[in-house]
Amino acid sequence: MDDFSNIIKEMLVENTLISGVLSNLKNKGMGFSRVDIKPVEIKKEILFQFTYDYKPKVIHKNLTQEEALEEILKLLRETLKQGIFFSTDADYQIFSNKNGNESILKKKPSKKAINISHNRRKKYILADGDPIDFLIRLGVMNENGRVLAKRYDKFRQINRFLEMVQDVIPSLSKDKPINIVDFGCGKSYLTFALYHYLVRILEMDINVIGLDLKMDVINFCNEIALDLGYDKLKFIHGDIKDYETLNNVDMVVTLHACDIATDAALIKAINWNSKIILSVPCCQHELYNKIKSPVLEPMLKHGIIKEKLSSLVTDSLRGNILEILGYNVQLLEFIDMEHTPKNILIRAIKTEKSLNKDALVIYKEFKEFWGLKDLFIERELKGRLGEEFGD
Ligand SMILES: C[S@@+](CC[C@H](N)C(=O)[O-])C[C@H]1O[C@@H](n2cnc3c(N)ncnc32)[C@H](O)[C@@H]1O
C-alpha cells in the first residue's frame with residue numbers, strides 16, 4: 001500500500017478522522033461534484049457517512065471501515081482530484097491527478113474531535129506517540145515515537161499479540177523466573193515486544209530465548225538486544241527440533257513457523273509441559289498431500305480450496321491434540337484477514353487434567369473422516385501418549 005492509502009487507512013482504523021471532503025471532478029458528468037465524509041455511531045458501531053452532493057439533492061451512504069477505505073481510494077483515483085481530511089493528528093490535503101499520481105500536504109490539526117464515541121481511539125498497550133526503543137530500532141516508529149504510516153499494520157499486530165499475552169499472564173507462576181522460548185522468531189518484532197512488555201512494563205522476572213534457522217537474523221537481533229540492554233533476551237541459531245538447551249520452559253511462542261516447524265514447536269512445548277502455548281501456524285503442506293474424502297471432492301479438487309481447508313483441518317487437529325493432553329484451547333483471530341490469511345492463533349493453557357479420553361475419541365473420528373494417517377505430530381508424540389493415540 002502506498003503512503004496515501006496508508007494515511008487514510010490509519011485515520012479510519014484508528015478512528016482519528018473528524019471529517020473529510022472530496023471535490024474537484026476529474027471528468028464532468030459524474031452527477032455529483034463533492035463528497036463529504038464523517039464518522040457516525042450506529043448501533044454502537046462506528047461507520048463512515050458519505051454524503052454525495054447531486055445538486056439539488058444529496059445521497060447518504062453509511063460504510064464500514066473497509067468499505068470506506070475502498071470508496072475513498074476509488075473516488076480519488078477515478079473521480080475527484082482533491083481530498084481534505086481533518087484528523088485528530090493532522091490535516092491532510094491530497095491531490096490526485098489524471099495519471100493516478102498523488103501528492104500529500106500535511107499540516108497541524110485544525111479541528112477538534114466531536115466525541116461520537118466513548119472510545120474514539122483504540123487504546124493500545126504500546127502507544128503511538130510514546131518513543132519505544134525497540135520499535136524505533138526496528139523501523140516501526142520514528143525517534144519521536146510516531147508510528148510510520150507504512151508500518152501501522154505491524155504496529156497493530158504487535159499490540160494485538162500483546163493483548164493476547166496480557167490475558168494469559170495470570171496463568172504464569174509468580175514464584176520463580178519464567179522461561180519463554182520463541183521458536184522461528186525471524187526478525188523478532190514480537191519477541192522484542194514480549195520482552196519489553198513483560199520485563200520493562202510489568203517488571204516480571206523473565207528470560208526470553210528467540211530461536212531461528214537464519215544466522216543473519218540471529219546476529220541482527222542479538223546486536224539490538226545488546227545495544228538496548230535487554231539483558232535476559234538471547235537469540236540462538238538452530239532448528240526447533242534440535243533445541244535442547246532448556247528443559248523447563250513455561251511459555252512457548254511460535255508465530256508463522258512454516259509447515260511442520262509449528263508441530264515441532266508444539267511437540268517441544270508439550271514435552272516440557274509448558275504452561276502456555278501461543279502459536280500462529282504458517283503454511284501447512286503436510287495435510288495438503290494427505291487429506292482425502294470422496295464426499296468432499298468438489299472442494300478438494302480445487303487447489304485453492306484444498307489449501308485453505310487443509311490449513312483449517314491442521315489447526316483443528318492441533319487444537320484437538322492439545323485438548324487430549326490436558327490443555328484448555330482457544331482459537332483466536334490474530335489479525336485481520338486483509339493483512340494475511342495466516343491469522344489463527346492457537347492459545348493453549350495447561351490444566352491439571354490428565355489424558356482427555358473424550359477428546360481422543362473425537363480426534364480419531366475426525367481424522368478418519370478426513371482420511372488422514374501417519375501424521376508427523378502423532379509419530380513424535382507416540383512415546384508420550386502410548387499406542388492408542390496413532391492409527
Ligand atoms: C515467517 S517467519 C516468522 C517470523 C516471526 N515469528 C514473525 O511472526 O514475525 C518464519 C521464521 O521461522 C523460521 N523457521 C522455519 N522453520 C524453522 C525451524 N525448523 N527451526 C527454526 N526456525 C525456523 C524461519 O527461518 C523464519 O525466520
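Just so you know, ligand 1 is whichever comes first in the structure, and atom 1 is the first atom listed for that ligand. Keep in mind the model is a prediction, meaning the values are calculated, not measured. FYI, side chains are in, hydrogens and waters are out, and symmetry mates aren't considered; it's all heavy atoms of this structure.
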Salt-bridge criterion met for Lys241 and Asp239 (N-O under 4.0 Å)
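Answer for the salt bridge query: yes.
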
Could you tell me whether Glu378 and Lys367 make a salt bridge, using a distance below 4.0 angstrom between a side-chain N and a carboxylate O?
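Salt bridge: yes.
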
Would you check whether Lys187 has a nitrogen or oxygen atom less than 3.5 angstrom from a nitrogen or oxygen atom of ligand 1?
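No: no nitrogen or oxygen of Lys187 is under 3.5 Å from one in ligand 1.
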
Answer yes or no: does an N/O atom from Leu190 fall short of 3.5 Å to an N/O atom of ligand 1?
no

For ligand 1, does Cys185 get within less than 4.0 Å through its side chain, its backbone, both, or neither, judged by non-hydrogen atoms?
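Near ligand 1, Cys185 shows its backbone, while the atoms from C-beta on stay back.
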
For ligand 1, which atoms, with element, lie under 4.0 Å from some heavy atom of Gly186?
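Answer, ordered by atom number: 4 (C), 27 (O).
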
Just jot down the ligand 1 atoms closer than 4.0 angstrom to any heavy atom of Asp239, in number order.
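Counting from 1, the qualifying ligand atoms are 18 (C), 19 (N), 20 (N).
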
Could you check Leu381, Asp358, Leu355 and say which one makes a side chain to side chain contact (heavy atoms under 4.5 Å, CB included) with Ile324?
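Answer after filtering Leu381, Asp358, Leu355: Leu355.
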
Is Gly238 near ligand 1, meaning one of its heavy atoms is under 4.0 Å from it?
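Heavy atoms of Gly238 do come under 4.0 Å of ligand 1.
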
Is it true that Ala264 lies under 4.0 Å from ligand 1, counting heavy atoms only?
no

Going by the closest heavy atom to [atom], which one wins out of [options]?
| atom | options | result |
| --- | --- | --- |
| atom 17 (C) of ligand 1 | Leu211, Leu213, Val217 | Leu213 |
| atom 9 (O) of ligand 1 | Lys154, Lys241, Gln157 | Lys154 |
| atom 16 (N) of ligand 1 | Ala261, Ala257, Gly184 | Ala261 |

Cationic tip of Lys350 above Tyr327 ring, under 6.0 Å, 45° of axis
yes

Centroid separation under 6.0 Å, is that true for the rings of Tyr124 and Phe155?
yes

Before we go on, tell me: are the rings of Tyr363 and Phe366 under 6.0 Å apart, centre to centre?
no

What is the ring orientation for Phe183 with Trp272, classed by angle as parallel under 30°, tilted 30 to 60°, or perpendicular over 60°?
parallel

